[in-house]
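A short worksheet on the structure shown next.
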Amino acid sequence: MISRACDNRYALRPESSFRTIATLTLLPVAGLLVFFAWRLLHTAVTTEPGGGQAVLPVQTPPTSAVTEAATLPQKPKPTGHIVLIIDDVGHDNQQIERAMKLDPNINFAVLPNGIRGAEYARRLYENGFEVLCHLPMEPVGNASPGPNAVLTSMSEDEIEALTSANIRAVPFARGVNNHMGSRATADPRVMRSVLRALPRGMYFIDSRTGGDSVATAMARQMNIRTASRHVFLDDVPDEAAVRRQIAVLAAEAQKRGVAVGIGHPHRATLNALALEVPRLRSAGFRFVRASEAVE
């Protein structure tokens with residue numbers, strides 16, 4: 001009897017056993033539900049530091065994108081195109097190699113009557129530079145343009161033949177500009193003959209050595225691509241004076257969109273250009289070939 005009573009006292013009831021099993025089963029499920037609810041609430045809202053009102057998280061761009069935008073180089077805006085022509089190439093002891101280092105788009109006008117004209121023209125062409133025939137023409141006054149110059153006293157046939165011969169003496173010439181020529185370029189008859197002798201597709205740049213030149217107007221009438229000089233760089237062959245003229249040329253390019261400057265292979269000119277050409281490029285100016293600027 002005593003043994004059975006003990007057994008009855010410690011025996012588990014059926015309903016008590018079911019509740020225990022159910023509780024043990026639901027505990028992990030409830031824990032999972034609480035965990036997922038917390039995760040969902042945490043990602044949907046955030047609380048400001050210091051216990052402020054809950055707000056939606058602010059979307060910010062990736063750090064790499066911000067850094068990339070901040071470090072992109074700021075390109076200068078183009079402020080004008082400059083056609084720079086180095087005249088009178090063809091004599092001994094000229095610093096042509098130094099001039100070629102200024103910019104790959106520098107233009108060189110080669111004298112057909114220069115002792116080293118053909119040699120320099122060939123070297124310039126082989127190094128990728130644009131070459132012009134620097135056609136000697138009659139000036140006002142007593143200055144000599146050198147042999148084989150176009151003179152106002154010549155007939156039209158003589159002018160055409162001489163112009164053609166001078167162009168052939170400068171290999172690879174793509175255009176022509178006048179050497180001296182203040183008298184010849186003011187004569188419509190002479191200029192018509194000169195322009196008629198140009199090979200098809202060749203352009204003419206008026207150096208404007210005289211205020212009465214008709215060269216540009218005549219070229220336009222004859223549908224020959226042309227342009228005019230705006231600034232002489234070294235009428236005064238002094239470095240400071242040349243630098244002032246370069247500033248004038250830059251101002252003209254900024255105002256007009258394109259400007260033509262003419263200089264010579266003097267030491268002072270090359271010194272000034274070596275300083276100013278990189279500065280002009282940094283400021284947004286672009287040096288261009290003469291063939292790109294004529295119209």
Side-chain angles (χ1 to χ4, degrees), residues 83 85-92 94 96 99-100 105-139 143-185 187-209 213-216 218-229 260 262 264-265 289-294:
V83 178
I85 301 174
I86 303 298
D87 266 1
D88 291 358
V89 173
H91 299 303
D92 276 328
Q94 291 180 320
I96 303 304
M100 287 194 290
N105 290 320
I106 299 296
N107 306 270
F108 293 86
V110 177
L111 288 163
N113 55 16
I115 189 171
R116 301 185 67 181
E119 173 194 340
Y120 284 156
R122 190 169 288 105
R123 188 193 306 177
L124 290 163
Y125 172 79
E126 290 172 352
N127 281 275
F129 291 93
E130 186 151 307
V131 175
L132 292 83
C133 171
H134 197 31
L135 182 66
M137 303 180 76
E138 182 182 354
S144 173
N148 301 322
V150 172
L151 305 176
T152 57
S153 58
M154 293 177 174
S155 69
E156 294 179 9
D157 288 344
E158 288 175 321
I159 293 171
E160 289 187 37
L162 185 57
T163 299
S164 296
N166 278 320
I167 291 172
R168 288 195 301 271
V170 180
F172 311 110
R174 295 196 60 186
V176 173
N177 74 328
N178 52 292
H179 171 61
M180 298 190 180
S182 53
R183 186 185 300 278
T185 57
D187 188 323
R189 181 188 69 88
V190 172
M191 279 312 308
R192 188 179 296 107
S193 300
V194 167
L195 294 169
R196 204 157 41 214
L198 300 187
R200 184 177 180 84
M202 185 169 277
Y203 59 82
F204 187 91
I205 290 185
D206 185 0
S207 301
R208 290 194 66 82
T209 53
S213 175
V214 298
T216 303
M218 188 68 64
R220 295 199 191 286
Q221 289 178 17
M222 298 174 66
N223 295 318
I224 293 172
R225 294 184 302 152
T226 189
S228 296
R229 183 271 312 161
V260 178
I262 292 179
H264 301 82
R289 295 170 185 253
S291 57
E292 297 179 46
V294 291

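As a basis for the values below, the full set of heavy atoms in this structure was taken, side chains included, without hydrogen atoms, waters or symmetry mates.
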Distance (rounded to the nearest 0.5 Å) between Thr185 OG1 and Asn177 CG: 11.5 Å
Val170/Asn166 under side chain to side chain contact (heavy atoms under 4.5 Å, CB included): CA gap, chis, key distance, verdict: CA-CA 7 Å; Val170 180; Asn166 278 320; over 6 Å; no
Donor-acceptor pair between Asp206 and Ser213 side chains, under 3.5 angstrom: yes
Atom of Val89, atom of Phe108 and distance for their closest heavy-atom approach: CG2-CD2, 4.0 Å
Residue pairs involving residues 218-227 (criterion salt bridge (Lys or Arg N to Asp or Glu O under 4.0 Å); sequence neighbours excluded): none
Heavy-atom pair of closest approach, residues Glu160 and Arg196: OE2-NE, 2.9 Å
Under 3.5 Å donor-acceptor, Glu138 side chain and Thr152 backbone: yes
For Arg116, side-chain hydrogen bond (donor to acceptor under 3.5 Å, both in side chains) partners two or more places apart: Glu119, Tyr120
Heavy-atom closest contact (Arg289 atom, Asn107 atom, distance): CA-OD1, 3.4 Å
Side chains of Phe204 and Val294 in contact at under 4.5 Å (non-hydrogen atoms): no
Polar side-chain atom of Ser182 near backbone of Pro139 as donor-acceptor pair, under 3.5 Å: no
Rounded distance [0.5 Å steps], CG in Asp187 versus CG in Leu151: 11.5 Å
Distance-only side-chain donor-acceptor flag, Asp88 / His179, under 3.5 Å: yes
Value rounded to 0.5 Å, distance of NE2 in His91 from CG in Asn113: 7.0 Å
Non-hydrogen atoms of Val260 and Ala227 that approach each other most closely: CG2-CB, 4.5 Å
Intermediate values then yes/no, side chain to side chain contact (heavy atoms under 4.5 Å, CB included), Ile96 and Ile86: CA-CA 9 Å; Ile96 303 304; Ile86 303 298; 5.9 Å; no
From CA spacing to verdict: side chain to side chain contact (heavy atoms under 4.5 Å, CB included), Ile85, Arg229: CA-CA 9 Å; Ile85 301 174; Arg229 183 271 312 161; over 6 Å; no
Asn178 side-chain N/O to Ser207 backbone N/O, donor-acceptor pair under 3.5 Å: yes
Glu292 CD to Tyr203 OH distance, which is reported to the nearest 0.5 Å: 10.0 Å
Test side chain to side chain contact (heavy atoms under 4.5 Å, CB included) applied to Val176 and Val194, step by step: CA-CA 10 Å; Val176 173; Val194 167; 5.6 Å; no
Listed partners of Tyr125 passing ring pair (Phe, Tyr, Trp, His ring centres under 6.0 Å), at least two apart: Phe172
Any side-chain heavy-atom pair of Pro112 and Asn148 under 4.5 Å: no
Spatial distance of atom CD1 (Ile106) from atom CG (Leu124) [nearest 0.5 Å]: 11.5 Å
Closest contact, heavy atoms only, Ser193 versus Ile159: CB-CG2, 3.6 Å
Flag side-chain contact, heavy atom, 4.5 Å: Val150 against Met137: yes
From SG (Cys133) to CZ (Arg168), nearest 0.5 Å: 11.0 Å
Nearest heavy-atom neighbours spanning Ala215 and Leu195: O-CD1, 4.2 Å
